[in-house]
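Working notes for the structure below.
As the structure is a prediction and not an experimental result, all values here were calculated from the model.
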Amino acid sequence: MERRGSPYGVAAAAAVVVVAMAAAAGGEAARLSPEHYRSTCPGVESVVRSVVARKVKETFVTVPATLRLFFHDCFVEQGCDASVMIASRGNDAEKDSPDNLSLAGDGFDTVVRAKAAVEKKCPGVVSCADILAIAARDVVAMSSGPRWTVELGRLDGLVSKSGGVAGKLPGPDMRVKDLAAIFAKNNLTVLDMVALSGAHTVGFAHCTRFAGRLYGRVGGGVDPSYDPAYARQLMAACPRDVAPTIAVNMDPITPAAFDNAYYANLAGGLGLFTSDQELYADAASRPAVTGFAKNQTLFFEAFKEAMVKLGRVGVKSGKHGEIRRDCTAFN
């Protein structure tokens with residue numbers, strides 16, 4: 001799906017992707033600044049923070065939902081441009097991709113509410129992409145996690161296609177080599193990958209995403225990398241043929257706190273996804289896992305740095321973007 005009246009055809013859309021990739025390397029990122037709205041919308045972060053706080057008070061799901069929404073927006077080829085927010089009558093936008101159907105509605109609602117509040121203060125000034133970046137930072141801080149300075153100045157994208165999502169996002173069954181390749185395409189290192197994976201400390205996952213580790217192994221039996229007691233707990237919560245809407249916490253120890261428990265969990269066989277447990281099993285990522293498990297401050301600092309780097313992916317400027325009036329629709 002593209003903005004109506006957009007001058008971009010298929011070839012031009014490909015060019016936009018090239019621009020986005022160049023932006024990930026730092027070209028457009030140089031245009032970002034924490035002071036971007038200093039004169040045009042002072043206090044925008046306070047407005048967003050107030051909305052996010054109310055939403056988190058309504059439901060804690062807001063925290064993982066908003067954070068995951070930011071990840072899914074930035075990782076897809078269009079980059080951090082709120083293209084994941086677009087609603088399409090033809091169900092052909094990014095959010096309609098099979099990989100995005102599990103995104104919780106509370107994340108979208110957070111951004112929509114924040115945008116409405118910002119529009120009352122500064123109409124037509126602040127992008128949905130920037131609001132999502134601010135909200136992602138705020139939900140982490142509101143769940144006992146770190147707070148960092150958010151770079152601002154992104155424009156909202158003009159393209160949102162379901163077909164552009166496949167293969168761009170980390171999968172629950174991936175090994176470290178494959179995960180690292182996806183992160184590297186977004187200018188993120190293995191250390192960044194391990195740090196960002198720590199967001200699973202407040203996440204949740206549908207049973208269908210990891211049922212193969214419990215019931216689908218060749219020859220039968222549970223994945224031996226699971227702690228046996230944890231596997232029994234998961235099987236009780238997620239029996240065979242469980243409804244696709246049933247979900248469990250990704251961190252069984254401190255699910256409502258953004259902390260470093262996730263990494264200690266991996267050492268104990270409590271990684272929910274194969275992609276989680278592999279971070280501890282693989283020699284390339286284990287040093288970071290053990291380091292973060294021992295030192296929460298080290299994890300927080302690495303997470304903040306990785307989030308800033310992620311926020312620079314695919315930054316749009318000029319004719320390649322717009323400031324949407326409605327985050328769910330092109331202007």
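No side-chain donor-acceptor contact under 3.5 Å links Asn265 and Tyr230. No side-chain donor-acceptor contact under 3.5 Å links Ser97 and Asn100. Side-chain polar atoms of Thr201 and Asp259 form a donor-acceptor pair below 3.5 angstrom.
In this structure, Ile134 is a member of the same hydrophobic cluster as Met142, with clusters built from ILVMFWY side-chain heavy atoms closer than 4.5 Å.
In this structure, Val315 and Arg312 approach most closely via the heavy-atom pair CG2-O, 3.4 Å. When all heavy atoms of Leu152 and Glu45 are compared, the closest pair comes out as CD1-OE2, 4.0 Å. Taking both residues in full, the closest heavy atoms of Thr149 and Val308 are given as O-CG2, 4.0 Å, listed atom of the first, atom of the second, then distance. Between Pro42 and Lys121, the shortest heavy-atom contact is O-CE, 2.7 Å. In this structure, Asp96 and Ser88 approach most closely via the heavy-atom pair OD2-CB, 3.9 Å. The two atoms that bring Phe303 and Pro146 nearest to each other are CD2-CG, 4.3 Å, heavy atoms only.
The shortest side-chain heavy-atom distance between Arg154 and Asp81 does not fall under the 4.5 Å cut-off. Looking at heavy atoms from C-beta onward, Trp148 lies out of side-chain contact with Glu305 at the 4.5 angstrom threshold. Side-chain atoms of Asp73 and Ser83, non-hydrogen and from C-beta on, do get closer than 4.5 Å to each other. Between Tyr262 and Ser197 there is a side-chain heavy-atom pair separated by less than 4.5 Å. Side-chain contact between Val48 and Asp130 is absent, with no heavy atoms from C-beta onward closer than 4.5 Å.
Salt bridge annotation for Arg175-Asp282: absent, with no cationic side-chain nitrogen under 4.0 angstrom from a carboxylate oxygen. Comment: Glu94 does not engage Lys168 in a salt bridge, judged by the lack of any side-chain N to carboxylate O separation of less than 4.0 angstrom.
In terms of the ring-ring contact (aromatic ring centres under 6.0 Å, His included) criterion, Phe71 has no residue partners (sequence neighbours excluded). Phe210 pairs by the ring-ring contact (aromatic ring centres under 6.0 Å, His included) definition with nothing, not counting sequence neighbours. Applying the side-chain contact (heavy atoms from CB on, under 4.5 Å) test to Cys327 and every residue at least two apart in sequence or in another chain returns Met85, Val111, Lys115, Cys128. For Arg213, the salt bridge (Lys or Arg N to Asp or Glu O under 4.0 Å) test picks out Asp223, with sequence neighbours left out. Asp192 pairs by the salt bridge (Lys or Arg N to Asp or Glu O under 4.0 Å) definition with Lys309, not counting sequence neighbours. Qualifying side chain to side chain donor-acceptor pair (under 3.5 Å) partners for Thr59, counting only residues two or more places apart in sequence or in other chains: none.
Remark: the backbone N or O of Ser46 is not paired with any side-chain donor or acceptor of Ser50 at under 3.5 angstrom.
Relative orientation of the Phe292 and Phe299 rings is tilted, given thresholds of 30° and 60° on the angle between their planes. Classification of the Phe258-Phe300 ring pair by plane angle, with boundaries at 30° and 60°, yields tilted.
Taking the six-membered ring wherever Trp is involved, the centroid distance between the rings of Tyr263 and Tyr280 does not fall below 6.0 Å.
Within a 6.0 Å radius of CZ in Arg38, other residues, nucleotides and ligands contribute 12 heavy atoms or fewer. In Lys294, the NZ atom is not crowded: 12 or fewer heavy atoms of neighbouring residues, nucleotides or ligands sit closer than 6.0 Å.
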